[in-house]
Amino acid sequence: MTKEYVMAIDQGTTSTRVILYDKNGNTVGMVKKELPQIFQEPGWVEHDANQIWIDTEWLMQQVLTKYDIPAQEIDSIGITNQRETTVLWDRETGEPVAPAIVWQSKQSNIMADKLKENHLEEKIYDKTGLWIDSYFSATKIMWLLDQNSELKQLMDEDRLRFGTIDSWLLWKLTRGKAHATDYTNASRTMLFNIHTLQWDPELLDLYGINPNLLPKVKNSSDDFGETILKGVPIKIGALAGDQQAALFGHQAFKPGSIKSTYGTGAFIVMNTGDQPKVSKHGLLTTIAYGLNGKITYALEGSIFVAGSAVQWLEEGMDIIDNSAMSAEYAYQSSQSVPYQDIYLVPAFTGLGAPYWDQKIRGAAFGLTRATRNQDLVRATIESLAYQTKDVLDVMTVDTGLTRTHLSIDGGAAANEYLHEFMADLLQIKITRPRKLEMTARGIAYLAGLQSGFWSSIDQLPDNPEMLTVDYNEEHKQTMQKHYENWQKSVKAAQKFAYHR
Ligand SMILES: Nc1ncnc2c1ncn2[C@@H]1O[C@H](COP(=O)(O)OP(=O)(O)O)[C@@H](O)[C@H]1O
Ligand SMILES: O=P(O)(O)OC[C@H](O)CO
């Protein structure tokens, strides 16, 4: 039977998706399951790692059943994942030993603070490309080990294993045969030296983490072993963090090319070629992909809260019935008279790039008796655009590159109000693919390149059709004023966090 399709597993923060692509890059099947978020304490976000595995296994079977596709027609599988999220498991039982600590979660702030008190910022940045923050896996592992002495014992007995979600799923899919990750995921742990391409012994020592916990690091396209799906063995040919996979999906192969993905958070990633580029303004230096034994680096601006602010409006505040309603409300607010000049700083789990502030929390400014739900929704959507400008401005300073357009994708990139507002704020064109799933597409490409389904990057299907929103030059000055107010709002929220 001919191998017709590549299977992409996209394990995101809020859902797990399995998508099938054919050789022309058409989506021939897609299934999805929402993932519950666990909020045990303010600022904490956790997942059930077993649930993630059960959902993934079920979805892989479901996509074949739903679209009546025999498993023999699957050429290979790629796994892309929410990054940094930390799973510890016992290799003897194959069971997680703690909840998965999600990338957004702040319980390990105290560990990050200790590293900062010891003035390790420069050392850690020089080795890992990352600014110390509880966002990255290292402090999450340290915190878990600190909380539970039984985990330390398991570590000493060489039973404890660490993985980001890609490694965890790979371990389960290969029935414990493969404990591996790829360069992109490793580069998000704050344990990995992005220059020597090794787990860093000095850092491991400093953090008290035994190297036997860690997966083997491979190219993003590589031989990761095989899984059995409906009785059929299928190769796993790629692992990559979701933001890097989206960059690959955009076919941003040239240095200087850039994309911005709006899912739970928003991540602006620029390909910087075969050399790591240093940021002086709080961007991360990270690995874009490892392909054919060659590393491509990237600069990244990580925004912690984007679509999750919209989810908060829906589930936390109950002021919209679904995310799609947010665009309609935002338009209504923008046309209201008098105009409500309000700002929402969605720092629910601190602020990432370029601020790297773990302590700041969310705040709203400019509220009046006339403020309505619609205005709060508009301010929330606008905060995605302001945070994008924060990052793009420093990226321009760090690289000297200006741009005429920004390609966006991800669930929240469906929001039309966001496109228009962002185009006017940035004074550049916003382009987005008609199909927003660039992450899954990217990992499918990486898996297909490993198996020979596509013989080289030149043979990949053309990018999906792009839609463009232009900016209005007449709005430039008003937008500048709004942006200044946004910056004042962030400063005021920071002041509150440090002085209350
Ligand atoms: N039309 C919309 N406007 C704004 N936000 C949206 C819209 N549709 C979805 N979202 C938000 O996008 C996020 C889901 O996007 P997705 O790319 O699936 O995220 P993830 O991969 O992080 O799970 C959710 O937080 C949701 O609230
Ligand atoms: O779930 P997403 O798509 O917002 O991605 C999460 C990031 O990988 C976190 O670094």
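Remember, it's 1-based here, ligands and their atoms both numbered in the order they're listed.
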Worksheet, complete the sentence: Nearest non-hydrogen protein atom to atom 1 (N) of ligand 1, with distance, is A324 CA, 3.6 Å

Worksheet item: Heavy atom of G241 under 4.0 Å from ligand 2?
Response: no

Discussion item. Regarding atom 21 (O) of ligand 1: of the candidates M325, R17, Q11, which has the closest heavy atom?
Written reply: R17

Item to complete: Could you grab the distance from atom OG of S137 to atom CH2 of W103, nearest 0.5 Å is fine?
Response: 12.5 Å

Worksheet item: Think R83 forms a cation-pi with Y135, using NZ or CZ under 6.0 Å from the six-ring centre and within 45 degrees of its axis?
Response: no

Item to complete: Could you list the atoms of ligand 1 found under 4.0 angstrom from a heavy atom of S326?
Response: 3 (N), 4 (C)

Worksheet item: Taking the six-membered ring for Trp, are the ring centroids of W168 and W53 within less than 6.0 Å of each other?
Response: no

Discussion item. Can you give me the closest heavy-atom contact between M190 and D133, atom names plus distance?
Written reply: SD-N, 4.3 Å

Worksheet item: For ligand 2, which atoms sit closer than 4.0 Å to a heavy atom of T264?
Response: 1 (O), 4 (O)

Fill in: Test of ring centre spacing under 6.0 Å for F192 and W199
yes

Worksheet item: Using 30° and 60° as the class limits, which term best fits the ring planes of H195 and Y297: parallel, tilted or perpendicular?
Response: parallel

Worksheet item: Nearest protein heavy atom to atom 1 (O) of ligand 2, by residue and atom, and its distance?
Response: T13 OG1, 2.4 Å

Worksheet item: At a non-hydrogen distance cut-off of under 4.0 Å, which region of E416 contacts ligand 1 (side chain, backbone, both, or neither)?
Response: neither

Worksheet item: Using a heavy-atom cut-off of under 4.0 Å, does the side chain or the backbone of R188 touch ligand 2, or both, or neither?
Response: neither

Worksheet entry | Salt bridge R17-E437, side-chain N to carboxylate O under 4.0 Å | yes

Item to complete: Would you please indicate if the ring centroids of H482 and Y339 are separated by under 6.0 Å?
Response: yes

Worksheet item: Hey, which atoms in ligand 2 end up nearer than 4.0 Å to a heavy atom of E84?
Response: 9 (C), 10 (O)

Worksheet item: Can a non-hydrogen atom of S308 be found less than 4.0 Å from any atom of ligand 1?
Response: yes

Item to complete: Give yes if a backbone or side-chain nitrogen or oxygen of N415 is under 3.5 Å from a nitrogen or oxygen of ligand 1, and no if not.
Response: yes

Discussion item. Using a 4.0 Å cutoff against the non-hydrogen atoms of W103, which atoms of ligand 2 qualify?
Written reply: 6 (C), 9 (C)

Worksheet item: Among D10, D242, T261, whose heavy atom sits nearest atom 5 (O) of ligand 2?
Response: D242

Worksheet entry | Heteroatom proximity flag, G410 to ligand 1, N/O under 3.5 Å | no

Item to complete: May I ask you to check whether Y183 and Y289 place their ring centers less than 6.0 Å from one another?
Response: no

Discussion item. As an exercise, identify every atom of ligand 2 less than 4.0 angstrom from a heavy atom of Y135.
Written reply: 9 (C), 10 (O)

Worksheet, complete the sentence: ligand 1 to Q311, heavy atom cutoff 4.0 Å, flagged ligand atoms 27 (O)

Fill in: Residue from I110, I101, D113, T139 passing side-chain contact (heavy atoms from CB on, under 4.5 Å) with S134
T139

Response to the item:
atom 12 (O) of ligand 1 has as its nearest protein heavy atom A412 N, 3.4 Å

Worksheet item: Below 3.5 angstrom, do we get any N/O pair linking Y262 and ligand 1?
Response: no

Discussion item. Give me the residue, atom name and distance of the protein heavy atom closest to atom 7 (C) of ligand 1.
Written reply: S323 CB, 3.5 Å

Discussion item. Strictly distance-based, threshold 3.5 Å: is any side-chain N or O of T85 a donor or acceptor partner for the main-chain N or O of Q82?
Written reply: no

Discussion item. If you take the centroid of each ring, where Trp contributes its six-membered ring, are F39 and W44 closer together than 6.0 Å?
Written reply: no

Item to complete: Under 4.0 Å from a heavy atom of G263: give me the atoms of ligand 1 that qualify, with their elements.
Response: 15 (O), 16 (P), 17 (O), 19 (O), 22 (O)

Worksheet entry | Atoms of ligand 1, numbered as shown, that sit under 4.0 Å from any heavy atom of S15 | 23 (O)

Worksheet entry | Centroid separation F421 to Y331 less than 6.0 Å | no

Practice prompt. Decide whether an N or O pair under 3.5 Å exists between G12 and ligand 2.
Written response: no

Practice prompt. Could you tell me whether ligand 1 has any atom less than 4.0 Å away from a heavy atom of E314?
Written response: no

Worksheet item: How far is atom 24 (C) of ligand 1 from its nearest protein heavy atom, and which residue and atom name does that atom have?
Response: G307 O, 4.0 Å

Item to complete: Take E382 and Y343 through the test side chain to side chain donor-acceptor pair (under 3.5 Å) and record every step on the way to the result.
Response: CA-CA 8 Å; E382 290 175 352; Y343 298 84; over 6 Å; no

Item to complete: Measure from the side-chain N and O atoms of S308 to the backbone N and O of V305, and report whether any donor-acceptor pair falls under 3.5 Å.
Response: no

Worksheet item: Can you tell which of A413, G411, A306 gets a heavy atom nearest to atom 15 (O) of ligand 1?
Response: G411

Discussion item. Tell me the protein heavy atom at minimum distance from atom 23 (O) of ligand 1, and give that distance in Å.
Written reply: T14 OG1, 2.5 Å

Practice prompt. Looking only at protein heavy atoms, identify the closest one to atom 22 (O) of ligand 1 and say how far it is in Å.
Written response: T264 OG1, 2.5 Å

Worksheet item: Can the ring centres of F248 and F253 be said to be less than 6.0 Å apart?
Response: yes

